[in-house]
Structure formats: C-alpha cells, structure tokens
Amino acid sequence: MSFQFTVSPDFTPDHLSGWYIFNTWLQKQTGIAIHLEMYNDFQGQRDAIQADTVDLIYANPFDAAMLVREKGFLPLVKAEGAADEALIVVNADSAINDVADLKPGTRVAYTEDPDVRLMGMIMLEPGDLNNNNIVPVLADNYVLVAKHLLKVEADVGIFLAGAYDDLSAMVKNQLKVLVRSQISVIHHALMIGPRLQERREDIQNLLVEMSNDDKGRGVLQSLGFTVWQKVDNEEMEFMIDLMDTLNT
Amino acid sequence: MIADMNAKDIVGDYQEVSLQLYGSVKRKILYTQIETPYPDGKLIVSTTNPEGIITHVNRSFVEMSGYREEELIGAPHSILRHPDMPPAAFKDLWDTVQRGEKWQGFVKNLRKDGGYYWVKATVIPNVRAGKVVGYTSVRRKPSRSKIEECCKLYPTLF
C-alpha cells in the first residue's frame, strides 16, 4: 500500500527538489512507500484532502482546522523559527505612511496563500478595509505582488515576510513597509492522517532526531530548515483556535 | 482574588471609582485619560479557564497591560475591566461564549498604570474532546472610526 504526501502549494519554488529529497529520506527511514504529490493550487489540494487521498501534509495553518477537526489529522513537527508573518507594503513614492490613511477602494495585491492573506487583511482593518471594500489584485507569486506595486497597478501589497525579505535590494528600495506582523505562533506544520497514525510516534521521533546526523542535516538544508520541532496536539489546537479568532 | 489598584502604580492625574465585577466582587479602580496606542502588527493573546481566570498570556498582553506575567496568571480577566465599559457588553460576551459561540467586539481596556487602550477583541471557547476547557481571547488593532463609534455608544448603555 502506498501513502500520499503533499506540500502546501505556497512552498518556495527553490525548495521543490528538497521536498522530493525529503520524501526519499522519509521512505528509507520508515520503510513506508510514500508518493509525493505536488498540487498547483490550494483548491486542488483541498479537493484531494476531502477525497481522503492525503496521508501526510506539510500544511498551511489556514487548513489546519479542517485537517484536524474534519479529517482526523494530527500534528508531527514544525520547522524551527519558521513562523509565518505578513507585511503590508506600498510603493516607496506612495503618500500613504500609515494603514489608517487608506480608503475604501484601495487596490490590494496578494497571492493565494490563505494564512498570509488573512494576516494581511487584519493589518488593513485599522484603515477600515475589508474583503467587501477593497479592489483585489490577485498575483501568482510575491515577485508579481511587488511588480504590481512598482507599476502602480496596486496601492498596497500583502507579502509573506520571508518572501519580501528575499526580494532584491533594488526592488525593496522602491517599496515601503507600513506594517510587519509580530504574531509568532502561526506556522506551517507537517501533519499525519488517520491511515498512518499508528506510526505517528516513530515518525515524529525520526523527524526530531533528523538534525543529529550529516545526512539528515543535508536533507533539512535542502528544505531551507535546520531542525524539526515536535508539535503536540495542544499546540496545534491553540493555533487552530487562534486562526479561528482571526478568521472573523 | 483581585487586588484594588494602587496609587503608586498610577501615571498622571487619576479618578477613583468602585467597580462591581463578576461574582459580586468589588474593585477600587484608579484611572487616567492617557491612551496607549495599539501597536501595529501585533496580537494580544490570552487564555482563561472556564471561570475566567487567566492561564496564559503572550508578550504583547504583558506589554500593553503593564502588569508582570506573574501578576496576570491566576488573576481574573476582569483585571482589565475599564469603568467606561458598559456591563452589558461583558454580559453579552459571557452569554455568547457560554453558548459555544464566538464573540467579537470593541473593548476599552484598563492598564495597571491607570491608562487605557482600545482593542478589537474576539473570544472563542476552547473545545477539547467535546468539552469547553477554557476561552481564548485575541485582540487586534481597531480602526479609529470604530473607536469613535464606541465612544458615543457605550455611555448610553449604562
């Protein structure tokens, strides 16, 4: 029997090969046949989850509630120091220096990443902006969000902090950060579905120990992480409750 | 138990009032007209047990409330209760979450130094294995226009 592993579609493109390397490592360590399926978008991935074809997932925090409460998934690990934070950014020449100065009808560029968009929209609330009074400008990735700002096709951009920090200095010099979130407790997590749960503890231990040998460290490096940290059920429940309060 | 406020902790000119809290508890409140602006990009997070006693606070909670973490843990959440907040708002909050639903509203909170800060608060019951084990409250930055609306509305609700 083969199990399916999938990764939140907002993974950094530079780390695509890293996830295949990780999957190979995981199969070798566990002796379980695992097929890695990468979905192009969140909807495709959610359809697969609803159809119960997913057994392991590196999940976006936005989907954690559905995975745990509807599909019986449990958390395994998170990447150390990899909390998701969002940024509100404008063109450097923009007259706006405070979110409170924004007006209904503001053109907001964002990607499909659901947790970043949620955090970003919360940071726009002090300007009385919400989903009903902004003009959405959907972009395929954060480089395109920046491009929309530079070409003045959008007034405000919502970025994943890490993606913004990775933009070139030349681009960042033409942009201005209004707000950077400091939430600290919203993070992606590797989660395990009901069919694999009898192996949860040993898989969790393997992952936590992964950074203790050269081979494991190399695999983690290819993912852009240094250490997997254990996530217990209550930490996940707390994050789900927190996301629930924000999603209102 | 909840201690009365202490004049030595207060910054600036203050007024004094006795506030009736939940469970027939009275607290001496000393409060000023000094507002601390809500910091951009932060969330204030706390968790209480089912009786409203604080069990967890994050760093932003500590910074904005002015209390030390050890003063907050074990204290009732009403330690933040400002005399300008109408009791009806908190009754609505408790009625809502005790029905297992989410509550959202704009709240003027009292600091240890007598000052205040406005928040947009969301409170949800923490349901574990079908049982409510506590409540989580997450506060975010409100808009000025919402605060202005509340400043007009709340005095009419006493």
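None of these values were measured; they are calculated from a predicted model. Letters A, B, ... are given to chains in the order of the sequence lines, protein chains preceding strands, and every chain is numbered from 1.
Dense packing is recorded around CD of Glu70(B), with more than 12 heavy atoms of other residues, nucleotides or ligands lying under 6.0 Å away. Heavy-atom contacts from other residues, nucleotides or ligands closer than 6.0 Å to CG of Asp13(B) number 12 or fewer. A 6.0 Å sphere centred on NZ of Lys71(A) holds more than 12 heavy atoms belonging to other residues, nucleotides or ligands. When the shell of 6.0 Å around CG of Asp140(A) is examined, it contains 12 or fewer heavy atoms from other residues, nucleotides or ligands.
At a 4.5 Å heavy-atom cutoff, Ser137(B) makes no contact with chain A through either its backbone or its side chain. Looking at Arg59(B), there are no atoms closer than 4.5 Å to chain A (heavy atoms on both sides), in backbone or side chain.
Side-chain contact between Phe238(A) and Thr47(B) is present, with heavy atoms from C-beta onward closer than 4.5 Å. At least one side-chain heavy atom of Leu43(B) sits under 4.5 Å from a side-chain heavy atom of Leu246(A). The side-chain heavy atoms of Asp241(A) and Arg128(B), taken from C-beta on, include a pair separated by under 4.5 Å. Counting only heavy atoms from C-beta outward, the side chains of Val99(A) and Asp40(B) never approach each other to under 4.5 Å.
A distance of 10.0 Å separates CG of Asp244(A) from CG of Asn126(B), quoted to the nearest 0.5 Å. Atoms CG and CD1, from Leu242(A) and Ile124(B) in turn, are 8.0 Å apart once rounded to the nearest 0.5 Å.
Contact annotation for residues 143-158 of chain B against chain A (heavy-atom separation below 4.5 Å, listed by residue number): Ser143(B), Arg144(B), Ser145(B), Lys146(B). Near-neighbour residues of residues 94-118 of chain B relative to chain A, defined by a heavy atom under 4.5 Å from a heavy atom of that chain, comprise Lys102(B), Gln104(B).
Salt bridge status for Arg140(B) with Glu125(A): present, with a side-chain N to carboxylate O gap under 4.0 Å.
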